[in-house]
Amino acid sequence: MALIKTLDQIKEIKKSNQIIARLYNDILPKYIKPGISTYEIDKIVEDYIRSQGAIPGCIGVPGPYGAFPAATCISVNEEVVHGVPNGRILKEGDIVSIDTVTVLNGYYGDSAITLPVGNVDEESKKLLEVTEKSRTIGIEMAVAGNRLGDIGHAIQQYVEKNGFNVVRDYAGHGVGLSMHEDPMIPNFGRKGRGIKIENGMVFAIEPMVNIGTYKLNMKDDGWTVVTKDGKRSAHFEHSIAIIDGKAVILSEIE
């Protein structure tokens with residue numbers, strides 16, 4: 001099942017997403033430098049979200065060992081998703097993924113970006129480029145009449161052609177009236193499978209791409225997911241809506 005949103009609801013969901021778009025475009029690039037801690041990044045994110053009249057959607061999300069304690073998920077290098085901000089200091093050559101959820105007037109925005117910390121090696125540069133491009137390719141397949149499997153298939157084919165692997169255990173999802181809605185949208189799959197895409201659907205499309213194996217482990221905090229082989233991972237996410245048969249990116253800067 002997928003929730004069909006009205007155009008008025010989509011406008012409100014877009015407002016929530018635009019907060020994240022401005023955060024990623026105008027705010028964070030000034031701070032993502034060697035020497036900053038993931039805790040400091042989290043406070044910058046939280047302060048900005050609250051300054052816009054919204055609240056961070058990640059705070060208090062239930063988990064196996066208690067609620068998520070921070071405003072955003074920050075994952076460094078081999079950390080794939082759901083990294084808990086702490087005292088870890090970013091170093092020259094790291095890559096850092098920031099996954100942010102906003103709630104504005106009851107409507108949810110959701111977007112993720114992976115940024116280089118200073119100068120990064122060529123393999124990491126390629127990882128970022130391929131992951132971001134795979135998100136674009138997935139979004140291009142999100143048109144009315146296609147099926148959800150077409151999105152995952154296109155992402156997987158592009159990523160694997162470039163020598164990387166897509167994560168299997170986490171996926172995109174519906175979003176807007178809550179953080180995670182049906183349907184799930186895997187970043188792999190077969191053409192022509194899954195529900196048919198219709199106008200009014202709102203999705204978060206979010207490829208997570210690993211340099212090495214797609215297999216994962218969980219850290220002892222019960223939140224932070226890491227690659228099983230310790231190699232790097234990148235994550236890019238946009239919230240989109242299907243309007244007049246095509247995907248409109250809600251979390252892209254206007």
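Starting from 1, each residue takes its place in the sequence as its number.
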- Message: Quick check: is Val167 connected to Val209 through a chain of hydrophobic side chains (ILVMFWY, heavy atoms under 4.5 Å apart)?
- Response: no

- Message: Grouping I, L, V, M, F, W and Y whenever their side-chain heavy atoms are under 4.5 Å apart, do Val117 and Tyr24 come out in a common cluster?
- Response: yes

- Under the side-chain contact (heavy atoms from CB on, under 4.5 Å) test, which residues partner Val61, sequence neighbours left out? Phe68, Met179, Trp223

- Here the pair of heavy atoms bringing Val103 nearest to Gly57 is CG2-CA, 3.9 Å

- Would you please test Thr114 and Leu127 for side-chain contact (heavy atoms from CB on, under 4.5 Å) and show each step? CA-CA 10 Å; Thr114 305; Leu127 175 67; over 6 Å; no

- Counting N and O atoms only, with roles assigned by atom type, does the side chain of Arg147 sit under 3.5 Å from a partner on the main chain of Gly145, one being a donor and the other an acceptor? no

- Item | Smallest separation among heavy atoms of Ser97 and Ser233, with atom names | OG-O, 4.3 Å

- What about Met218 and Tyr214, same hydrophobic cluster or not, with Ile/Leu/Val/Met/Phe/Trp/Tyr joined at side-chain heavy-atom distances under 4.5 Å? no

- hydrophobic_cluster_shared for Tyr107 and Ile55, side chain cutoff 4.5 Å: yes

- Note on the structure: Heavy-atom closest pair (Gln9 atom, Ile4 atom, distance to 0.1 Å) is OE1-O, 4.3 Å

- Note on the structure: Closest non-hydrogen contact found for Ile32 with Pro116 is CG2-O, 3.9 Å

- For the residue pair Gly53 and Leu104, what are the closest heavy atoms and their distance? O-CD1, 3.5 Å

- Message: I need the minimum non-hydrogen distance between Cys58 and Cys73, along with the two atoms involved.
- Response: SG-SG, 4.2 Å

- Message: Just to verify, which of Val226, Thr227, Asp229 counts as forming a side chain to side chain contact (heavy atoms under 4.5 Å, CB included) with Asn217?
- Response: Val226

Could you pull out every donor-acceptor pair under 3.5 Å between side chains of residues 183-202 and any protein atom, sequence neighbours left out?
residue: Asn187; atom: ND2; partner: Glu206; partner atom: O; Å: 3.1
residue: Asn199; atom: OD1; partner: Asp244; partner atom: N; Å: 3.3
residue: Asn199; atom: OD1; partner: Gly245; partner atom: N; Å: 2.7

- Query: Just by distance, do the side chain of Asn165 and the backbone of Asn210 share a donor-acceptor pair under 3.5 Å?
  - Reply: no

- Item | Evaluation steps, side chain to side chain donor-acceptor pair (under 3.5 Å), between Ser16 and Thr102 | CA-CA 6 Å; Ser16 191; Thr102 47; 2.9 Å; yes

- Message: Can you see whether Phe164 has Lys231 sitting over its ring - NZ or CZ less than 6.0 Å from the centre and within 45° of the normal?
- Response: no

Per-pair distances, 0.1 Å, donor-acceptor, side chain in residues 75-84, under 3.5 Å, sequence neighbours excluded:
residue: Ser75; atom: OG; partner: Gly83; partner atom: N; Å: 3.1
residue: Asn77; atom: OD1; partner: Ile95; partner atom: N; Å: 2.9
residue: Asn77; atom: OD1; partner: Arg232; partner atom: NE; Å: 3.4
residue: Asn77; atom: OD1; partner: Arg232; partner atom: NH2; Å: 3.4
residue: Asn77; atom: ND2; partner: Asp94; partner atom: OD1; Å: 2.9
residue: Glu79; atom: OE1; partner: Val76; partner atom: N; Å: 2.9
residue: Glu79; atom: OE2; partner: Arg88; partner atom: NH1; Å: 3.1
residue: Glu79; atom: OE2; partner: Lys219; partner atom: NZ; Å: 2.8

- Are Glu46 and Lys43 close enough for a salt bridge, meaning some N to O gap below 4.0 Å? yes

